[in-house]
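For reference, the structure is listed below as structure tokens.
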Amino acid sequence: MDFAWSDQQRELLDAVGRFASQQLNYDVIENDREGVFNREAWKKCGDFGIQGLLVPTEYGGLGADPLTTVAALERLGYACKDNGLLFSINAHMWTAIIPLVYNGSEAQKKKYLPGLSNGTLIGGNAMSEPNSGSDAFSLATTAVKKDSTYVLNGSKVFVTNGPVADLLVVFATVDKTRGPDGISAFLVEKDSPGMNVARKLEKMGVRTSPMAEVFFENCQVPEENLLGKEGGGAFLFTRSMTWERGCILASAVGSMQRLLETCIRYANERKQGGQSIGKFQLVASKIVDIKLRVESCRNMLYHCAWLSGHRKSVYLEAAMTKLHISDCWVKCCEDAIQIHGGYGYMTEYEVERDLRDAIGSKLYSGTSEIQRNIIASMLGL
Amino acid sequence: MKILVPFKSVPDPNDATVVGAAASTPKSVINPFDEIAIEEALRIRERGEAAEIVGITIGAPTVDEQIRAALAMGIDRAIRIDDSRALDPYAVARILRVLIEKEAPHVVIMGKQAVDDDSNQVGQMLAGLLRWPQATFVSKIEFLGNKTRARCTRETDAGLEVIEIKLPAIITTDLRLNEPRYVSLPGLMKARRKSIEVLTCDQLGVTVRPLTTVLSTARPPKRAAGTRVESVEELVTKLRQDAKVL
Amino acid sequence: MAESLVLIEHHRQQVKRPSLHAITLARQLGGEYALLVLGHRLDGIVASLVSYGACAVVVADDPALAKPLADRYATVIAEAARKHDAKIILGTSSTFSKDVLPRAAALLDAPMVTDVVAIEEMDGS
């Protein structure tokens with residue numbers, strides 16, 4: 001088993017790290033407080049090539065394999081402190097780009113992928129509804145075909161990137177009686193007639209990632225914007241959700257690594273009772289725990305991505321990766337705050353923000369409970 | 001127009017490595033002033049005024065990483081003179097001179113100084129050896145007369161000075177000339193298909209021996225804390241006895 | 001014949017202060033030193049330079065030298081250094097000196113050191 005990066009991968013990862021640490025770490029505390037999306041930083045990431053990592057080269061992307069992609073996102077998470085920005089980038093990659101790459105027609109790919117790759121277009125998806133979160137496929141949003149248009153009616157909640165998205169992948173049912181087999185996916189451009197991006201939702205964490213409720217009132221969507229087949233929405237969703245679960249917490253691994261280094265530095269510098277607090281076993285032990293979590297998370301992340309790159313099904317591995325990293329991330333953040341004592345509670349030290357950002361990871365892309373259900377069923381229980 | 005950009009690989013100024021410490025190898029980057037030179041060459045080409053940008057550097061194979069970064073920024077090809085000796089600015093100028101005569105560019109744009117030694121000599125020495133016009137510490141470049149001349153704004157102690165020079169010439173860049181683009185991932189991909197030519201001083205037919213040697217490098221002495229005095233008399237005494245300025 | 005040649009900077013008929021530091025250094029190095037001044041209409045400057053203990057004040061006064069253009073200045077400096085068999089040319093850390101002296105060094109096939117804070121020792125060679 002070769003655990004080494006190639007020269008090319010190392011060069012790419014170093015470039016990501018250098019770019020992120022020099023270009024993306026400004027105004028984070030203020031933007032987090034005010035819930036401001038850093039559009040300039042988003043654009044820089046687009047120009048740099050982040051959003052297009054996985055997109056095939058013929059549509060303007062880098063055509064990187066899954067392992068290189070997650071490693072790049074991990075490095076991004078290490079070097080960039082704005083977890084919200086990264087959350088928006090991830091939502092864009094897994095919920096808009098991936099469905100297009102796998103299920104888009106040639107015309108749709110040509111129309112949207114180049115802009116999505118270089119960040120000039122912001123994407124997201126609208127799946128969850130007020131009455132269907134974990135029960136994902138019991139959608140109330142309907143799509144009725146009228147001549148060459150689909151008419152959408154319904155309301156979507158927790159739409160990440162909603163306030164700034166140019167394109168949303170909206171899931172609606174064309175036939176409630178068919179259950180999941182009635183669900184279809186639609187490419188809905190912003191300002192479509194009948195589409196109303198409503199109030200911005202204020203969150204506990206990843207506050208620099210904008211989120212809104214979106215209402216569809218006889219929203220007209222041209223038939224060429226059906227993504228994939230009618231009734232193919234559930235399959236499309238599951239596939240992109242598997243990608244999402246395997247990859248969305250790659251940057252969290254990088255964040256944890258950064259937390260580890262921050263804690264080590266603090267533990268060595270902070271002195272109490274005449275010695276560095278790192279010499280106290282209760283402090284050192286927490287840092288050891290962080291280290292162990294980083295290592296195990298990293299290995300699961302890479303393994304899942306490696307399998308994906310080798311075209312193996314990763315339904316189980318993705319769920320395990322997502323569950324494990326989210327649990328570990330929250331615990332690492334709690335430990336980091338504890339290690340920093342009172343200072344860990346202060347926004348200025350930027351440690352408390354990571355915990356607020358991390359807690360969301362146990363909820364999005366399927367709650368931790370859902371992940372456990374998936375794993376249990378894959379284990380034959 | 002063909003632009004030649006000599007650049008140097010230097011320790012990363014953003015990396016807090018202790019001088020002289022035998023710690024891990026410091027990370028290297030393209031000298032920031034040379035990055036500005038590369039950026040300017042790229043902008044000149046984007047304006048349609050240049051057709052080819054060639055980068056040159058002198059060093060061991062380890063500097064290939066910086067060469068790839070320059071190629072990733074957008075230069076067309078690169079030449080590395082394989083030489084891992086500690087060279088002084090005059091030796092560098094003498095080597096570059098031979099390469100410039102070989103490549104015959106219309107203009108050479110390079111950083112005014114390298115941040116590891118702050119010598120600020122190579123460009124001027126090169127101009128002297130070639131008997132070419134020079135414009136140093138430049139913050140603006142315009143080409144005139146169908147690219148036979150360049151009008152350059154220079155950052156001097158007296159303020160901004162504008163001079164006009166005939167081409168071919170040597171131009172050294174100052175901080176305010178531009179802000180370099182960062183290497184993008186697509187740029188890195190394209191760079192892999194660009195060529196790096198490796199030459200030796202022997203192949204160029206140039207033999208140089210550095211005339212300056214670095215004996216030692218050390219941190220500057222820490223600034224001593226100031227002291228407060230209680231009276232004018234005490235101040236005068238200290239100025240006379242301690243500071244010895246009276 | 002002078003061991004050191006000091007390139008004097010001036011502005012509006014006044015010698016610039018940093019040049020005085022260069023003269024002091026020349027004095028500290030021991031041996032004879034000459035002062036070199038370039039420009040146009042330099043009578044006032046030259047008059048003020050005679051009291052600095054130099055063995056010679058070398059003046060290059062010409063309309064062509066009215067502005068400090070590097071190629072012209074470096075040629076004159078190199079010529080003056082050769083003529084006076086100077087072992088060392090001293091200047092200041094100004095943009096003027098930095099623009100001109102390295103080019104002069106190349107014309108003289110000589111090395112150069114920038115931003116010196118101290119000269120520890122010097123022997124004949």
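The basis for the numbers below is simple: all heavy atoms, side chains too, and nothing from hydrogens, waters or symmetry mates. The sequence lines fix the lettering, A, B, ..., with proteins before strands; numbering per chain opens at 1.
- To the nearest 0.5 angstrom, B:Lys112 atom NZ is 7.0 Å from C:Lys98 atom NZ.
- Between the CZ atom in B:Arg94 and the CG atom in C:Asp109 there is a gap of 6.5 Å [rounded to 0.5 Å].
- Around CZ of C:Arg82, the count of heavy atoms belonging to other residues, nucleotides or ligands within 6.0 Å exceeds 12.
- Of all residues in residues 121-157 of chain B, those placing a non-hydrogen atom less than 4.5 angstrom from a non-hydrogen atom of chain C are B:Gln121, B:Gln124, B:Met125, B:Ala127, B:Gly128, B:Leu129, B:Arg131, B:Trp132, B:Pro133, B:Gln134, B:Thr136, B:Phe137, B:Arg154, B:Glu155, B:Thr156, B:Asp157.
- Contacts of residues 33-49 of chain C with chain B at a heavy-atom distance below 4.5 Å are absent; not one residue qualifies.
- The structure places CD1 of B:Ile165 at 9.5 Å from CG of C:Asp71, a figure rounded to the nearest 0.5 Å.
- More than 12 heavy atoms of other residues, nucleotides or ligands sit less than 6.0 Å from atom CD of B:Glu164.
- Counting heavy atoms of neighbouring residues, nucleotides and ligands inside a 6.0 Å radius, atom CZ of B:Arg176 does not exceed 12 of them.
- Sparse packing is recorded around CD of B:Glu179, with 12 or fewer heavy atoms of other residues, nucleotides or ligands lying under 6.0 Å away.
- No part of C:Ala78 comes within reach of chain B, as not one of its non-hydrogen atoms sits under 4.5 angstrom from that chain.
- At a threshold of 4.5 Å between non-hydrogen side-chain atoms, the residues C:Leu69 and B:Ile163 count as touching.
- Of the listed residues (C:Leu101, C:Asp99, C:Thr114, C:Leu107), the greatest number of heavy-atom pairs within a distance under 4.5 Å of chain B belongs to C:Asp99.
- With a 4.5 angstrom heavy-atom cutoff, C:Asp115 touches chain B only via side-chain atoms.
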